[in-house]
Protein chains: 2
Amino acid sequence: MGPQSPRPRSSALSSLEGVRRPVGINDVAARAGVSPGTVSNVLNRPERVAEPTRLRVEAAIRDLDYVRNSSGRSLRSGRSDSVGLLVLDITNPFFTEVARGVEDVATEAGLALVLLNSAEQQSRQQRSLRLLAEQRAAGAVVMPVDGATADLLWLRRQGVPWVLLDRGDVGADTGCSVAVDNRAGGLAAGRHLVNLGHERITFLSGPAEMEQCRTRLAGLRDAAVEAGLDPDAAVRVIRTDRLNAESGEKAVEEILAGGPRRRPGAVFCTNDQLALGVLKGLGERGLNAPADLSVVGYDDVGFAALVHPGLTTVAQPKYELGRAAMRLLLSELNDADHRHERLRFAPELVVRGSTAARRD
Amino acid sequence: MGPQSPRPRSSALSSLEGVRRPVGINDVAARAGVSPGTVSNVLNRPERVAEPTRLRVEAAIRDLDYVRNSSGRSLRSGRSDSVGLLVLDITNPFFTEVARGVEDVATEAGLALVLLNSAEQQSRQQRSLRLLAEQRAAGAVVMPVDGATADLLWLRRQGVPWVLLDRGDVGADTGCSVAVDNRAGGLAAGRHLVNLGHERITFLSGPAEMEQCRTRLAGLRDAAVEAGLDPDAAVRVIRTDRLNAESGEKAVEEILAGGPRRRPGAVFCTNDQLALGVLKGLGERGLNAPADLSVVGYDDVGFAALVHPGLTTVAQPKYELGRAAMRLLLSELNDADHRHERLRFAPELVVRGSTAARRD
DNA sequence: GGCGGCTGTTGACACGATTTAATGGACCTG
DNA sequence: CAGGTCCATTAAATCGTGTCAACAGCCGCC
């Protein structure tokens, strides 16, 4: 034992440096003249402790500026009070609206939100899920990259429940999910264009493996069939590898290829960013919507209303989506009789200036 | 004592239900035939343990699918391995780019990011900071609401260091800060407009108490003085209460008030969202930039390049800002000889189509 | 062969909060 | 007054990890 080995626990001499030994529940107990257990009761079940005692403890808490230590707390309980939010791309406005919804509900429930960004990479997603397991997170709201089902099931086996957001299912009945009806969205956009007289429509899709893209396309084709058109002739598909404005801009070339005769009257993009990119690409070629091409987007991000002409788009209740997901997670955490639920929201077509009747 | 009271700790019967007792460092130790301390060494200082032992332990870890418990970890160490990121508005693209930078560096360093959104409310910020204190967060990157200095100092007294982002100082030499030189940004925008011949410029500001707004305005006035103009005559200020597109749109009325004689030739907005709102408001009145009014924004968010005409704006290195802030925080956490630093980035004017020479 | 030095491993405790069974005291009742 | 009930409080055990002094075993050296 060195000379200073049993460091003086309760010395007050540290007021000189700014670094004070953190005050714990024991210090509070000592100051209030009660046992640590009573302090814990004051914090967690105040009704069990007599009024005068409670007041004394509360005074001690204030005097010492006591802040409880959540490590100790969650070590004992086996659960931490934070929930994960795993998104595919923090910078996408769709996700940030969702995040706001999740955050609001989590905050109301006193839970901290751990933000994880997979950037659409499976390896990063895997790291993120492991982190949640290590933290013994109370739960997670997850927008997984495609085909990473096994990792999710692993996480649940580790005792961390999740709610799937904006993705269908992960096979079995393994958890709640919240999404918007993509087929209905595609259908609404399709009907709108068909009603305007368009018979040649290009669908600007993302990567082939994304379920949303395929389903929205299916809805679009439904609309063509409804109108008595041959969907294979009426709908042409162009794929991009990323869902951003740049890809949309580059795709304009291909959309317009084939000369005026084969040129589509309308393009339906699987994402507003793509659509805005298309609008920009048109502008650069001296063309514009809707005169030369009707353009429809998807999501209704804030900027869709700001461009000129305003972007016609399929709105998703993004904020509500986030709130609902977090609420389902809370239900799974708190309700003993929780049953997994598949919540489906209805999208809504917002008609602005970027679409118009066929002119040729 | 009920019949089942001392639950069987090591029974293997739980393979039926999906809920297994979480496996801890002790189980690993037992399986590998070593002491828990050795397992801990394998995890934290592998070089101290002999190769064969290490391999045996690593095998046990894999076999049991052991996941370490960060509550126990950080209870012991007094520090958790998460850092907070407090932003004013998650949905603002400026913040999300910053967040991406912070997130990337934090992830590299193996730290988890706790996302906190003050929504510009002091009460929410206070709750957030308390949460970080409770978590014994390793540190935080903070964009505080104005005038909440005391809470920040309190957090540091609680042992949680922070880096200030996009805000000057908090009085004394209390921590690092990262920001962009707002005066230089205002100056660059101002010079650009003055060089185009504009002599009546409106500054569209946010709330009066925001330091950024005041400093950018000062830069703009500097430019006027440089050009031999009386800044009080040349620059008019209009305030909005929120920094969003809606406010910009509403402000158009006021900007144009006073008839063509007194109408300004240019408007410099303290934020791209405001500027985009102005562009929209102009469009709705049948006017447009730059023919009727030159418009300059600030931030260079992704959408600034997508509108037509493209928005001339003062670009901030958002992603780099986030990275730098997190790096300074890491330095404060790891380097014994850390000195607080004030990092200032240079903004850059990006000229697009929304500004043009004076025409009247 | 005894001794010092070195390496690898162990055992026990500390971290801070929660929980449970036990305790003490006040009050009531027959 | 003995016995019982109820309430407020306490002491001790516990959660999973990290740390550190102590120790065992081994090698080499004189």
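In what follows, chains are A, B, ... by sequence order, proteins preceding strands, each numbered from 1.
In this structure, CZ of B:Arg73 is placed 20 Å from C1' of C:dA17, rounded to the nearest angstrom. A straight line from CG of B:Asp81 to P of D:dT17 spans 13 Å, rounded to a whole angstrom. Taking atom CZ on B:Arg54 and atom P on C:dT7, their separation rounds to 17 Å, with Å as the unit. B:Asn41 has its CG atom 9 Å from the P atom of C:dT9, to the nearest Å. What separates CZ of B:Arg68 from C1' of D:dC15 is a distance of 18 Å, to the nearest Å. B:Arg136 has its CZ atom 20 Å from the P atom of D:dT17, to the nearest Å. Between the CZ atom of B:Arg79 and the C1' atom of D:dG18 there is a distance of 16 Å, given to the nearest Å. Protein atom CD1 of B:Ile25 is 15 Å distant from nucleotide atom P of C:dG11, rounded to whole Å.
Each of C:dT18, C:dA17, D:dT19 was ranked by its minimum atom distance to the side chain of B:Ser40; first place goes to D:dT19. For A:Arg45, whose side chain is taken as the heavy atoms from C-beta onward, the closest listed nucleotide among C:dT19, D:dT19, C:dG8 is C:dT19. In this structure, the nucleotide among D:dT10, C:dA17, D:dT17 sitting nearest to the side chain of B:Asn26 is D:dT17. For A:Ser35, counting side-chain heavy atoms from C-beta on, the closest listed nucleotide (D:dA11, D:dT17, C:dG11) is D:dA11. Among the nucleotides D:dT10, C:dT18, D:dT17, the one closest to any side-chain atom of B:Arg76 is D:dT17.
Defined by atom type and a distance below 3.5 Å, a donor-acceptor pair is missing between the side-chain atoms of B:Asn69 and A:Gln135. For the residue pair A:Ser71/B:Ser74, the side-chain donor-acceptor check at 3.5 Å is satisfied.
B:Val34 comes within contact range of the sugar-phosphate backbone alone, with a heavy-atom separation under 4.0 Å but no base atom that close. Using a 4.0 Å heavy-atom distance criterion, B:Gly24 is classed as a sugar-phosphate-only contact.
A close approach under 4.0 Å does occur between a side-chain nitrogen or oxygen of B:Asn44 and OP1 or OP2 of D:dG18. The side chain of B:Thr53 contributes an N or O atom lying less than 4.0 Å from OP1 or OP2 of C:dT9.
The side-chain contact (heavy atoms from CB on, under 4.5 Å) test with B:Val42 is passed by exactly one of B:Val57, B:Ile25, B:Thr53: B:Val57. The side-chain contact (heavy atoms from CB on, under 4.5 Å) with B:Val163 is formed by just one residue from the set B:Val102, B:Val142, B:Leu328; it is B:Leu328.
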Derivation and outcome, side-chain hydrogen bond (donor to acceptor under 3.5 Å, both in side chains), residues B:Thr96 and A:Thr96 | CA-CA 8 Å; B:Thr96 59; A:Thr96 57; over 6 Å; no

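Taking for each of B:Ser70 and B:Arg48 the nucleotide of DNA chain D with the nearest heavy atom, the 5'-most of the two is the partner of B:Ser70. Sequence order on DNA chain C of the closest nucleotides to B:Thr38 and B:Ser77 puts B:Thr38 first from the 5' end.
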